[in-house]
Structures are given as structure tokens and as C-alpha cells.
Number of protein chains: 2
Amino acid sequence: MRRGAAKISQYNIEGKELQAFLGPLETNIIEVVWSSKQPLTVRDVYEKLKRRKRIAYTTVMTTMDRLYEKGLLDRRVEKGRGGVLYVYWPKLEEHNFKKTAVHEVLNSLVENFGDIVASYLVERISSEEKEFKDLKDKLEKALKGKRG
Amino acid sequence: MRRGAAKISQYNIEGKELQAFLGPLETNIIEVVWSSKQPLTVRDVYEKLKRRKRIAYTTVMTTMDRLYEKGLLDRRVEKGRGGVLYVYWPKLEEHNFKKTAVHEVLNSLVENFGDIVASYLVERISSEEKEFKDLKDKLEKALKGKRG
DNA sequence: AACCCTTACTACATGGAATAGTAACGTTTA
DNA sequence: TAAACGTTACTATTCCATGTAGTAAGGGTT
């Protein structure tokens, strides 16, 4: 587990998009950080999230610390009104994170179950070609009918 | 979640083979049950597992109950020396379970991240064709060298 | 110095997996 | 029929991940 890479250890089959990899709150937080043009403090993120739902400042803080520990966020220390504080930014932009995570799942699947993955793909591509062919046949019949 | 289907909700990226879907003890137990030609009691499975490692009867029992609840094992009640007891057998044979589980992950991946999965495949196939072509070039050069 | 604010530390709840003891119960055996 | 045997239901604990959140300790600005 290299320090630079995001640590994703599991894929949640029922999760939608990012929530296949992250918890609900982690997902909300990282989306806020991705949307920002500059690094954000915990307070920044907290102010945005509290508009949607009641949440404690320390909940946001703990979860951002955890995203940092998991390698999805990076941070530096700054000085401000509250003393020393962290300023966070994403380690990878959204598309790169998704790409890396999906690749990790697929690599693991291929390594563990290469033959099953291969036959799934062959089956899937054949199925789609069949649908294309069916549609093509129908179209050809329809055109013949018009001319007939 | 139909009752007949195995309930797999997540894929563990670092897990090897079955342990990508199940815990260590769940994996050991279902392998024992798959290997048996007839249905097994908790006692049967316990006797096999205790040879490998110290474990409590009730641990085996609880885990088999959980595999039943998750739809991987089926069972009926029999009467025996200890009163009424369960006799378990697998709902799916090994290959079918793996195939079903892998398909669920792949379907979820395609639904959530179809474009990333597609480009991964194109990239992977191209990479393998490139390796084949490189090998072919080297072979052709070697054959030319022998004739020269 | 007062004020404001943050983080470290701590704790609880939930769910899943692993772990395991014992009361309650049922069947077989003597 | 009672004793013996063995199983399951019930219960509990630990660990991990995620979400939740209060407060003591500490630091910078006003």
C-alpha cells in the first residue's frame, strides 16, 4: 500500500457510483472538496454540509481525517483564528480516482476469476451483437414492407 | 433479494478467490460442504475443521446458520441422538456460485462506471495484442538471422 | 488578556464476521 | 421411564469500518 495511492479495499455491489467505494458521508465530503477551486478547511466543508442536514462539526472533521488516512485527501497545516488548522485538497481529481478504483476491482477480478470474467465478456459482446443484428433484420423487413 | 439467490453484497479487493466474497471461516466451511457427496451436520463440519485449528462447536454452528441466511446453504431438520438437528447442503455448486457472484460485481461495475470499464478493456486487449506483435517481430528477426 | 476556534482524545451505535459459553430442549439408549 | 447424550436458541464479546458527537487542551487573532 503505497502512501501516494488511495486505499480502496472493497466494492459495494449495491452502491451507486461513488458509494460503491465510500460511505455516504465520505462521498458527500469528497464531492464538496472536488467541487472547490482551492483547498478547504473542515469549517468550510462543515458550513456547506450543515445546509443539507444537521451534523456536528467534529463528525465532518473526523471523516475528513479518515479520508486523509485513506489517501483520498491531502492536507497542510495553516495558522488561523482558531489556532493551527488543516487545509485539505483532493489527491486525485474525480475521474482519476474513479478510474484507479475501478481498475483495482477489475484487476483483482481478472486475477482471481480470469476465466469467468472472460466468458462473461464474450457472452456480453455476443449478446449485444445479436441485438444489433435483430434490430438490423427488423429494419430491413420494414424497409422491404414499405417498398412492397 | 430473492430467497433462492446467494446474497453477496461486497467484493473484497485484496481477498484471494472465494475470500474476495466471504470471510475466512465462511470460506472454509463452504469448501467442506462442497467437497462432501452428501448433506452434512454441524457436527460433521466441526469434526473436519477442528483438525486444522482449535474452534468451538458453536462457532461452526453460528457461521453455518449465517451461510444459510445468506442463501449459500440450504438445510432440513432431522432427528438424531441429540434431538432435532439441521443437515446442510450447498444451494449452488462451486463454479455456479463463483459465476453468479462475479457477474453481480461486473454488472454493478458496468452500470456505475460503464465508460471506465470499456476503456479498461480496450486498453487491456490492445496491450495484449501489442505483446503478441512484439513477440512475433522478434521471432521473425530470429528466423531471418538463422537464414542469413 | 480575552476571545474565538481548532484539533486530539474519547466514546457510543450499528452492522458484519468471528468467537464461544450455557440454558433449554428433544431424541435415543439402557 | 429416567438417564444419557447432543443439538439449537439465546446470549455475549471482540474487532473493524462508518457515522456520530461532546469536551479538554491548545494555539492564534483581536
Side-chain angles (χ1 to χ4, degrees), chain A residues 6-15 18-30 39-47 49-50 52-73 75-88, chain B residues 6-15 18-30 39-47 49-50 52-73 75-88:
Chain A
K7 176 178 158 138
I8 295 291
S9 63
Q10 62 189 22
Y11 181 82
N12 177 11
I13 296 172
E14 279 109 23
L18 282 170
Q19 288 191 35
F21 292 111
L22 301 171
L25 184 56
E26 291 179 316
T27 301
N28 285 340
I29 287 174
I30 198 146
L40 297 176
T41 62
V42 174
R43 167 66 53 182
D44 295 330
V45 176
Y46 166 71
E47 291 294 339
L49 291 191
K50 81 174 182 183
R52 310 180 192 183
K53 175 188 169 187
R54 187 184 173 285
I55 191 168
Y57 173 95
T58 49
T59 301
V60 177
M61 184 194 72
T62 302
T63 306
M64 289 178 77
D65 181 57
R66 219 155 43 194
L67 284 169
Y68 168 75
E69 292 294 339
K70 284 162 80 169
L72 273 76
L73 294 182
R75 69 189 180 196
R76 67 176 179 255
V77 180
E78 285 194 359
K79 297 185 182 188
R81 182 77 190 274
V84 293
L85 58 115
Y86 291 123
V87 175
Y88 288 91
Chain B
K7 175 175 158 134
I8 295 291
S9 63
Q10 62 188 25
Y11 180 82
N12 176 9
I13 295 172
E14 279 109 22
L18 283 170
Q19 289 191 35
F21 292 111
L22 300 171
L25 184 56
E26 292 178 316
T27 300
N28 284 340
I29 287 174
I30 198 145
L40 297 177
T41 62
V42 174
R43 167 64 55 179
D44 296 328
V45 177
Y46 166 70
E47 292 292 339
L49 291 190
K50 80 176 186 182
R52 309 181 190 181
K53 174 188 170 187
R54 188 183 172 283
I55 190 167
Y57 174 94
T58 49
T59 303
V60 177
M61 184 195 72
T62 301
T63 306
M64 289 177 77
D65 182 54
R66 214 160 47 204
L67 285 170
Y68 168 74
E69 292 293 338
K70 284 163 80 170
L72 273 75
L73 295 183
R75 71 190 180 194
R76 68 176 180 255
V77 180
E78 285 194 358
K79 297 184 181 187
R81 182 75 192 275
V84 292
L85 58 113
Y86 291 123
V87 176
Y88 289 89

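Chain identifiers are assigned alphabetically (A, B, ...) following the order of the sequence lines, protein sequences preceding nucleic acid strands; residue numbering begins at 1 within each chain.
Per the geometry, OH belonging to Tyr46(A) stands 13 Å off P belonging to dT20(D), to the nearest Å. When rounded to the nearest whole Å, the span between CE of Met64(A) and P of dT18(D) equals 16 Å. Across the protein-nucleic acid pair, Leu25(B) atom CG and dA20(C) atom P stand 10 Å apart, rounded to whole Å. When the P atom of dA17(C) is taken as reference, atom CD of Gln10(B) falls 7 Å away, rounded to whole Å. Atom pair Leu85(B):CG and dT27(C):P shows a separation of 10 Å (rounding to whole Å applied). Here dA20(C) presents its C1' atom at 15 Å from CG of Leu49(B), a figure rounded to the nearest Å. Atom-to-atom, CD1 of Ile29(A) to P of dT20(D) comes out at 9 Å; the value is rounded to the nearest Å. Following rounding to the nearest Å, Tyr68(B) (OH) and dT8(D) (P) show an atom-to-atom distance of 13 Å.
For dT20(D), the OP1/OP2 oxygens have no side-chain nitrogen or oxygen of Arg54(A) closer than 4.0 Å. Applying the 4.0 Å criterion to OP1 and OP2 of dA17(D), one finds that Arg66(A) has every side-chain N and O outside that range. Taking only side-chain nitrogens and oxygens, Tyr57(A) never comes nearer than 4.0 Å to OP1 or OP2 of dG22(D). Under 4.0 angstrom from either OP1 or OP2 of dT19(C) there lies at least one side-chain N or O belonging to Lys53(B). An OP1 or OP2 oxygen of dG16(C) is reached within less than 4.0 angstrom by no side-chain nitrogen or oxygen of Lys70(B).
Residues meeting the salt bridge (charged side-chain N to carboxylate O under 4.0 Å, His left out) test with Lys79(B), sequence neighbours left out: none. A search for side chain to side chain contact (heavy atoms under 4.5 Å, CB included) contacts involving Tyr86(B) returns Arg75(B), Val77(B), Tyr88(B), not counting sequence neighbours. Every side chain to side chain contact (heavy atoms under 4.5 Å, CB included) that Gln19(A) has, sequence neighbours left out, goes to Pro24(A), Thr27(A). Scanning for salt bridge (charged side-chain N to carboxylate O under 4.0 Å, His left out) contacts around Arg76(A) gives Glu78(A), with sequence neighbours left out.
Using a 4.0 Å heavy-atom cutoff across all strands shown, Leu22(B) reaches no nucleic acid atom at all.
Considering only heavy atoms from C-beta on, Leu85(A) stays 4.5 Å or farther from Val42(A) through its side chain. Counting heavy atoms from C-beta on, the side chains of Thr59(B) and Leu49(B) never come closer than 4.5 Å. Between Ile29(B) and Leu22(B) there is no side-chain heavy-atom pair separated by less than 4.5 Å. In this structure, Asn28(B) and Thr63(B) have side chains that are not in contact, with every pair of non-hydrogen atoms separated by 4.5 Å or more.
Side chain of Thr41(A) to backbone of Asp44(A): a donor-acceptor contact under 3.5 angstrom is found.
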Going 5' to 3' through nucleotides 24-30 of chain D, assign each nucleotide B (protein heavy atom under 4.0 Å from a base atom), S (under 4.0 Å only from sugar-phosphate atoms) or - (no protein heavy atom that close). --BBBS-

Between N or O atoms, less than 3.5 Å apart, protein on one side and nucleotides 9-16 of chain D on the other: list the pairs.
{"residue": "dA9(D)", "atom": "OP1", "partner": "Tyr86(B)", "partner atom": "OH", "Å": "3.1"}

